Protein chains: 2
Amino acid sequence: MPEDRLSTTLSALADPTRRAILARLSLGEASVGELAEPFDMSLPAVSKHLKVLERAGLISRGREAQWRPCRLEAAPLRDINSWLDSYRRFWEEKFDRLDLYLQELQKGNPDAEKN
Amino acid sequence: MPEDRLSTTLSALADPTRRAILARLSLGEASVGELAEPFDMSLPAVSKHLKVLERAGLISRGREAQWRPCRLEAAPLRDINSWLDSYRRFWEEKFDRLDLYLQELQKGNPDAEKN
DNA sequence: TTTCTAAAAAACCTTTCAGTTAAATAACCT
DNA sequence: AGGTTATTTAACTGAAAGGTTTTTTAGAAA
């Protein structure tokens with residue numbers, strides 16, 4: 001049971017429907033019906049997705065007559081970004097000389113000494 | 001069935017055990033046994049976690065005698081980072097004047113005009 | 001060959017997840 | 001009040017997730 005914030009956020013995002021909903025909300029508030037419209041899916045299904053996003057803090061909801069407008073809340077995304085920071089160096093090709101050397105050795109590259 | 005890369009990656013990361021494994025691997029290669037050691041969990045369970053990480057492209061495995069050393073592969077993390085880019089502006093408080101204005105209006109702030 | 005160690009695969013179990021349809025709420029509009 | 005619209009809740013289903021124990025596989029070392 002992933003009760004930690006990061007797990008909750010990541011698993012909320014690990015669904016294409018929910019990410020599409022967030023993308024839509026990045027353009028501005030929308031009601032449940034508006035959000036559901038693009039999907040070939042029942043309305044209760046979308047409502048559940050919204051509940052998951054809300055529990056993850058990724059959206060918040062207002063009340064306006066019979067509509068419950070949703071809006072994007074980006075704070076959890078920032079947290080993911082922070083978590084990613086620890087790994088940024090691994091994809092930014094900013095490996096230092098030793099790392100490169102070890103990499104070449106592992107490939108069995110006979111020119112490894114050149115580095 | 002989340003067959004898209006991003007969903008696969010995010011759901012692989014949505015588990016604290018798997019994130020801990022990645023954190024360990026960010027320090028260098030490790031065997032399955034070494035990776036399993038910190039967890040109060042059977043070895044096959046860890047082996048399954050590794051398979052999930054491997055399917056997501058987050059680790060790769062070599063063969064060295066009877067050990068199968070794992071190493072971190074950061075490319076999928078970079079992809080998540082790219083995806084996050086679309087939302088960066090939402091948490092970076094770099095809202096432009098119009099956004100601020102709309103925000104204030106929504107709060108019913110009577111000083112909204114000042115912006 | 002036997003034996004030990006590292007890891008994976010198989011079979012199973014329980015819980016969670018994503019969807020469904022049908023019923024309940026809630027607020028608006030006559 | 002009665003009806004329409006927007007959304008949620010309830011009850012159910014099938015599939016996937018995450019764990020277990022037991023059995024195989026593969027290589028090292030006797």
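Heavy-atom basis, side chains included; hydrogens, waters and symmetry copies ignored. Chain naming here is simple, since letters A, B, ... match the order of the sequence lines and numbering starts at 1 in each. Please read these numbers as outputs of a predicted model, since none were measured by experiment.
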* **Rounded interatomic separation in angstrom, taking CD from B/Glu64 and P from C/dA7** => 11 Å
* Could you check how far CG of A/Leu10 sits from P of D/dA17, rounded to whole Å? => 16 Å
* Select from B/Lys48 and A/Leu43 the residue whose nearest nucleotide in DNA chain C is closer to the 5' end of that strand. => B/Lys48
* **Distance, rounded to the nearest Å, where A/Arg55 contributes CZ and D/dT8 contributes P** => 16 Å
* Asked: Between B/Tyr87 and A/Arg78, is there a donor-acceptor pair closer than 3.5 Å when you use the side chain of the first and the backbone of the second?
  -> no
* Asked: For D/dT5, does OP1 or OP2 lie under 4.0 Å from any side-chain N or O of A/Arg68?
  -> no
* Ignoring hydrogens and angles, tell me if any N or O in the side chain of A/Arg19 forms a donor-acceptor pair with the backbone of A/Leu13 under 3.5 Å. => yes
* **B/Ser42 side chain near D/dG19 phosphate (N/O to OP1/OP2, under 4.0 Å)** => no
* Rounded to the nearest angstrom, tell me the gap between atom CD in B/Glu34 and atom P in C/dT5. => 16 Å
* If you pin A/Trp67 and A/Pro44 to their nearest nucleotides in DNA chain D, which one's is more 5'? -> A/Trp67
* Asked: Is the phosphate of C/dA7, meaning OP1 or OP2, less than 4.0 Å from a side-chain N or O of B/Ser31?
  -> yes
* Measure from CZ on A/Arg61 to P on C/dA27 and round the result to the nearest Å. => 15 Å
* To do: Ignoring hydrogens and angles, tell me if any N or O in the side chain of B/Ser47 forms a donor-acceptor pair with the backbone of B/Leu43 under 3.5 Å.
  => no
* Min side-chain heavy-atom separation B/Arg61-B/Lys51 under 4.5 Å -> yes
* Across the strands shown, which category fits A/Lys51 at heavy-atom distances under 4.0 angstrom: base, sugar-phosphate, nothing? -> sugar-phosphate
* **Distance below 4.0 Å between A/Arg63 side-chain N/O and C/dA26 OP1 or OP2** => no
* Asked: Atom CE of A/Met41 and atom C1' of C/dT20: how far apart are they, to the nearest Å?
  -> 12 Å
* Reckon A/His49 has a side-chain N or O less than 4.0 Å from the OP1 or OP2 of C/dC17? -> no
* Looking at every strand, decide which applies to A/Ala45 at a 4.0 Å heavy-atom threshold: base, sugar-phosphate, or nothing. => base
